[in-house]
Protein chains: 2
Amino acid sequence: MKVLTKNTDYAIRALLALAARKGSYLSAKSIATEHDIPYQFLRRLLQEMIRHNLIVSKEGVQGGFMMQKDPDEITVTQLIEIFQGKVQVSECMFRKQICGNRANCVLRHEIMRIESVVQSEFEKVTIGKLLRDLEAANKVNPTAATIS
Amino acid sequence: MKVLTKNTDYAIRALLALAARKGSYLSAKSIATEHDIPYQFLRRLLQEMIRHNLIVSKEGVQGGFMMQKDPDEITVTQLIEIFQGKVQVSECMFRKQICGNRANCVLRHEIMRIESVVQSEFEKVTIGKLLRDLEAANKVNPTAATIS
DNA sequence: TTAATTGATACTAATATAGTATCAGATGAG
DNA sequence: CTCATCTGATACTATATTAGTATCAATTAA
Ligand code: FES
Ligand code: FES
């Protein structure tokens with residue numbers, strides 16, 4: 001069971017790169033080469049993040065992408081929702097005719113509980129927090145900590 | 001993001017059916033029709049569960065499947081591992097050359113923590129617990145609670 | 001003017017999930 | 001002792017998701 005797909009994985013890395021240099025534009029190309037992310041793939045992710053107002057872009061020479069939203073306000077839960085759809089443990093609720101009385105379904109009850117646990121755990125992890133941890137690690141041992 | 005696939009979903013339902021009638025053999029066919037699970041699909045799942053010593057089978061007429069392991073000892077985590085592979089938040093650790101120093105990778109640190117939270121949450125849910133909840137619900141209102 | 005860049009979108013490839021089909025072998029009922 | 005009812009084993013197809021590539025138009029700073 002894989003929880004984070006490449007989408008989310010790459011998006012996190014890209015956001016960390018942008019958050020680290022907030023205020024200046026970083027091109028997709030430079031992020032891609034620096035973090036070993038397939039260029040065109042990354043561009044799609046960046047565009048998606050623009051649509052969700054996490055970042056902004058500037059076209060043309062010297063253009064690129066820049067942080068917009070406060071990194072502390074960007075949670076991994078949000079990124080999962082953007083790139084992998086809302087966290088849901090089971091799809092059973094979409095099936096007709098099986099759970100006539102969902103409110104009383106014990107399986108569903110457990111499922112809902114775990115769903116919210118998973119969500120809240122990922123909510124604790126923000127881009128801002130990751131960045132600070134990363135910077136702290138770099139301070140102690142400049143060559144040890146890497147983003148990816 | 002879908003956490004439980006049909007594999008696991010169906011396996012849970014089948015185990016609940018078997019646990020409810022422990023001591024007697026239940027055929028794949030009867031489980032399939034009763035719980036709306038594709039017959040051949042279910043058979044593969046049952047065979048897999050035999051290999052993992054959760055259930056036993058008897059061939060021939062009047063044959064079928066029966067609980068072997070104590071339902072309280074069967075956790076959803078185990079079932080996820082059998083049918084969806086070990087819970088892992090990210091696959092990054094398999095990628096060479098990116099995280100030269102994994103021990104210090106902050107992303108990995110968070111990932112490991114969440115992995116264990118997810119695992120332990122699913123570990124709390126056993127077939128035995130689900131069955132008791134189900135039976136309790138049926139006692140209160142016989143028509144309200146269903147397995148699926 | 002033009003090279004560097006994003007916007008938009010279509011396409012292919014690889015993998016995972018879901019479901020079906022088939023046939024051999026066991027076994028209890030009659 | 002045979003035969004319908006089962007499981008064992010395994011191969012196959014279909015669908016969906018994930019991953020990655022390609023293309024071309026529009027923008028812009030040097
Ligand atoms: S070990 Fe995977 S991102 Fe660092
Ligand atoms: S609501 Fe889905 S199993 Fe009951």
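Bear in mind that the values here come from a model prediction, so they are computed numbers and not experimental data. Every chain is numbered from 1, with letters handed out A, B, ... down the list of sequences.
The side chain of B:Tyr10 contributes an N or O atom lying less than 4.0 Å from OP1 or OP2 of C:dG19. Phosphate contact (OP1/OP2 of D:dA19, side-chain N/O of A:Thr5, threshold under 4.0 Å): present. When the side-chain nitrogen and oxygen atoms of A:Lys2 are compared with OP1 and OP2 of D:dA19, one or more of them lie within a distance under 4.0 Å. At least one side-chain nitrogen or oxygen of A:Ser57 sits closer than 4.0 Å to the OP1 or OP2 atom of C:dG7.
Both B:Gly60 and A:Arg43 lie near DNA chain C, and the one whose nearest nucleotide falls closer to the 5' end is A:Arg43. Ranked by how close their nearest DNA chain C nucleotide is to the 5' end, A:Arg44 and B:Arg44 are led by A:Arg44. A residue-by-residue look at B:Lys29 and B:Gln40 shows that B:Lys29 has its nearest nucleotide of DNA chain D further toward the 5' end.
Across all strands shown, B:Leu46 has no heavy atoms under 4.0 Å from either base or sugar-phosphate atoms. Contacts of A:Phe65 with the nucleic acid, taken as non-hydrogen atoms under 4.0 Å apart, involve only primed sugar atoms and P, OP1 or OP2.
Residues A:Leu15 and A:Ile55 are in side-chain contact: their nearest non-hydrogen atoms beyond the backbone lie under 4.5 Å apart. A:Leu54 is not listed as a side-chain neighbour of A:Ile127, based on a closest heavy-atom distance of 4.5 Å or more. You'll find the side chain of B:Thr126 stays beyond 4.5 Å of the side chain of B:Asp70, heavy atoms only. Side-chain contact check for A:Val3 versus A:Val118: every heavy-atom pair is 4.5 Å or farther apart.
Counting only N and O atoms by type, the side chains of A:Gln40 and A:Arg43 include a donor and acceptor under 3.5 Å apart.
Summarising the geometry, the separation between CD1 on B:Ile80 and P on C:dA16 is reported as 17 Å, rounded to the nearest angstrom. Atom-to-atom, CG of B:Asn7 to C1' of D:dA16 comes out at 14 Å; the value is rounded to the nearest Å. Taking atom CD on A:Glu48 and atom P on C:dG7, their separation rounds to 12 Å, with Å as the unit. As a whole-Å value, the separation of B:Phe41 CZ from D:dT13 C1' is 14 Å. Per the geometry, CD belonging to B:Gln47 stands 16 Å off P belonging to D:dC6, to the nearest Å. Spacing between atom CG of B:Leu42 and atom P of C:dA21 amounts to 16 Å, rounded to whole angstrom units. We find that CG of B:Asp9 is positioned 15 Å from C1' of C:dG19, with the value rounded to whole Å. Per the geometry, CD belonging to B:Glu59 stands 15 Å off C1' belonging to D:dA4, to the nearest Å.
Side chain of A:Tyr39, nearest nucleotide from C:dA29, C:dT6, D:dG8: C:dT6. Set against C:dA18, C:dG7, D:dT5, the side chain of B:Lys6 has C:dA18 as its closest nucleotide.
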